Visitor: 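One structure follows; several queries about it will come next.
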Amino acid sequence: MSLPETVIPALDYPMLPVAGTAKKFPVRRIWCVGRNFLEHIRELGNDERNPPFFFAKHADMIVPSGATIPFPGLTKDCQHEVEMIVALKSGGANISPETALDHVYGYGVSIDLTRRDLQMASRKKEQPWEIGKSFDNSAPCGPLRAASEIGHPAKGKIWLNVNGKERQIGDLNQMIWNVPEIIARLSLQVTLGAGDIIMTGTPKGVAAIAPGDRIECGVEGLEPLSVNIA
């Protein structure tokens, strides 16, 4: 079957490398969990009784480990949030927690870069968060590790350093919602599919970055991630 002629060049999916192989994982959509580590909820002054919620980034905002990215415009307070990502090989709607892990291809490390000043201004005006969360280069992502190789991480150190100094440190077992619960709850909101990735929330210690900074981060058992801020 031949492909139809397009009026602009056909677009390719962004790809994440799979550690230890030459294979790539095509990314369809990026979903993010807000407020999934208790101490992070407290450090931002949010109500810890509220359940986590979901927002999105565009897949073409992914940048690979080792990249140098420009400091984003419009902000005076761009902050780092290290997160574990879950990459899905299949999906559906109304997935049960008991079957959720059957849909997981693997795991990796990401940074949810956030224009905090713009996010907070939007929140005060009860406006959407896109201007604070969804912008060019806002989703650095490292290589994936297949679940068939490493299993499904439920505990282990998650950390981030800036210029060699520790900023964030926590453990995956501190997540309010675990991975099966996240997948199940998100599948009530949207039909999930192969190629979707989910950023699962960040521990405490989020802070501002500046031009010239080097960010290094990781999750125990996964490939580390680093980016430089131009």
Side-chain angles (χ1 to χ4, degrees), residues 3 9-33 36 54-69 80-93 95 97 99-113 133-154 156 158-160 172 175 177-187 189-202 215-227:
L3 295 176
L11 305 178
D12 294 325
Y13 281 111
M15 303 273 188
L16 292 180
V18 177
T21 77
K23 296 180 180 180
K24 303 286 186 179
F25 181 91
V27 178
R28 177 175 176 245
R29 298 180 294 189
I30 303 174
W31 302 103
C32 307
V33 184
N36 200 28
F54 301 95
F55 58 93
K57 291 177 183 273
H58 297 287
D60 63 1
M61 294 169 179
I62 288 175
V63 292
S65 183
T68 296
I69 59 178
H80 55 72
E81 298 187 6
V82 60
E83 314 204 5
M84 183 177 74
I85 55 175
V86 181
L88 301 184
K89 62 182 179 183
S90 58
I95 296 169
T99 63
L101 295 181
D102 296 340
H103 299 282
V104 175
Y105 170 76
Y107 299 86
V109 181
S110 66
I111 305 171
D112 172 14
L113 289 177
K133 286 287 190 177
S134 189
F135 53 91
D136 293 342
N137 306 305
S138 63
C141 291
L144 299 177
R145 283 280 182 188
S148 60
E149 176 189 355
I150 64 167
H152 298 281
I158 178 171
W159 58 273
L160 181 143
L172 296 179
M175 291 197 297
W177 286 13
N178 62 32
V179 170
E181 292 168 336
I182 289 169
I183 294 171
R185 184 59 181 258
L186 180 55
S187 74
Q189 175 178 315
V190 63
T191 300
L192 297 172
D196 287 354
I197 65 173
I198 306 170
M199 295 184 177
T200 56
T202 194
I215 306 173
E216 298 171 297
C217 58
V219 172
E220 185 177 335
L222 301 177
E223 300 297 302
L225 165 66
S226 65
V227 291

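Remember, it's a predicted structure, so these values are computed and weren't measured experimentally. Just so you know, residue 1 is the first one in the sequence shown, and it goes up from there.
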Visitor: Kindly compute the distance separating CG (Leu101) from CG (Leu88), expressed to the nearest 0.5 Å.
Guide: 10.5 Å

Visitor: Got a sec, which residues hit side chain to side chain donor-acceptor pair (under 3.5 Å) with Thr99, two or more places apart in sequence or on another chain?
Guide: Ser96

Visitor: Output all residues satisfying ring pair (Phe, Tyr, Trp, His ring centres under 6.0 Å) with Tyr105, sequence neighbours left out; order by chain, then residue number.
Guide: Phe25

Visitor: Please report the closest heavy-atom contact between Met199 and Ile111, naming both atoms and the distance.
Guide: CE-O, 4.3 Å

Visitor: Can you tell me how far apart CG (Leu186) and SG (Cys32) are? Round to the nearest 0.5 Å.
Guide: 10.0 Å

Visitor: Within a strict 4.5 Å, meaning less than it, do heavy atoms of the Thr202 and Leu160 side chains meet?
Guide: no

Visitor: Please tell me if the side chains of Val219 and Pro153 come closer than 4.5 Å, counting only heavy atoms from C-beta onward.
Guide: no

Visitor: Counting N and O atoms only, with roles assigned by atom type, does the side chain of Asn36 sit under 3.5 Å from a partner on the main chain of Thr200, one being a donor and the other an acceptor?
Guide: yes

Visitor: Do the ring planes of His152 and Tyr107 sit parallel (below 30°), tilted (30 to 60°) or perpendicular (above 60°)?
Guide: perpendicular

Visitor: Could you check whether any side-chain N or O of Lys57 sits under 3.5 Å from a backbone N or O of Lys133, counting only pairs where one atom can act as donor and the other as acceptor?
Guide: yes

Visitor: What distance do Leu225 atom CG and Ile85 atom CD1 have between them, rounded to the nearest 0.5 Å?
Guide: 8.5 Å

Visitor: By the definition side chain to side chain contact (heavy atoms under 4.5 Å, CB included), identify the one residue from Thr68, Asn137, Ile215 that meets it with Val227.
Guide: Ile215

Visitor: Once you round to the nearest 0.5 Å, how far does CD1 of Ile95 lie from CD1 of Ile183?
Guide: 7.0 Å

Visitor: Name all residues meeting the side chain to side chain donor-acceptor pair (under 3.5 Å) criterion together with Ser226; count only those two or more places apart in sequence or in a different chain, and write none if there are none.
Guide: Arg214

Visitor: Short question: side chain of Glu83, backbone of Gly201 - any donor-acceptor pair under 3.5 Å?
Guide: yes

Visitor: How many angstroms lie between CH2 in Trp31 and CD1 in Ile182, if you round to the nearest 0.5 Å?
Guide: 14.5 Å

Visitor: Is a donor on one side and an acceptor on the other found under 3.5 Å between the side chain of Glu181 and the backbone of Asn178?
Guide: yes

Visitor: List for me each residue that meets side chain to side chain donor-acceptor pair (under 3.5 Å) alongside Ser187, sequence neighbours excluded, and say none if there are none.
Guide: none

Visitor: For residues 16-29, which residue pairs pass the side chain to side chain donor-acceptor pair (under 3.5 Å) check, not counting sequence neighbours?
Guide: Arg28-Asp196, Arg29-Asp196

Visitor: In sequence, state the C-alpha distance, the side-chain angles, and the governing distance for Arg185 and Val33, and then conclude on side chain to side chain contact (heavy atoms under 4.5 Å, CB included).
Guide: CA-CA 11 Å; Arg185 184 59 181 258; Val33 184; over 6 Å; no

Visitor: Can you name the nearest heavy-atom pair linking Ala59 to Pro14, along with the distance?
Guide: O-CG, 3.3 Å

Visitor: Under the side chain to side chain donor-acceptor pair (under 3.5 Å) test, which residues partner His58, sequence neighbours left out?
Guide: none

Visitor: At what distance, to the nearest 0.5 angstrom, does CD of Glu216 lie from OG of Ser65?
Guide: 9.0 Å

Visitor: Counting N and O atoms only, with roles assigned by atom type, does the side chain of Ser138 sit under 3.5 Å from a partner on the main chain of Met61, one being a donor and the other an acceptor?
Guide: no

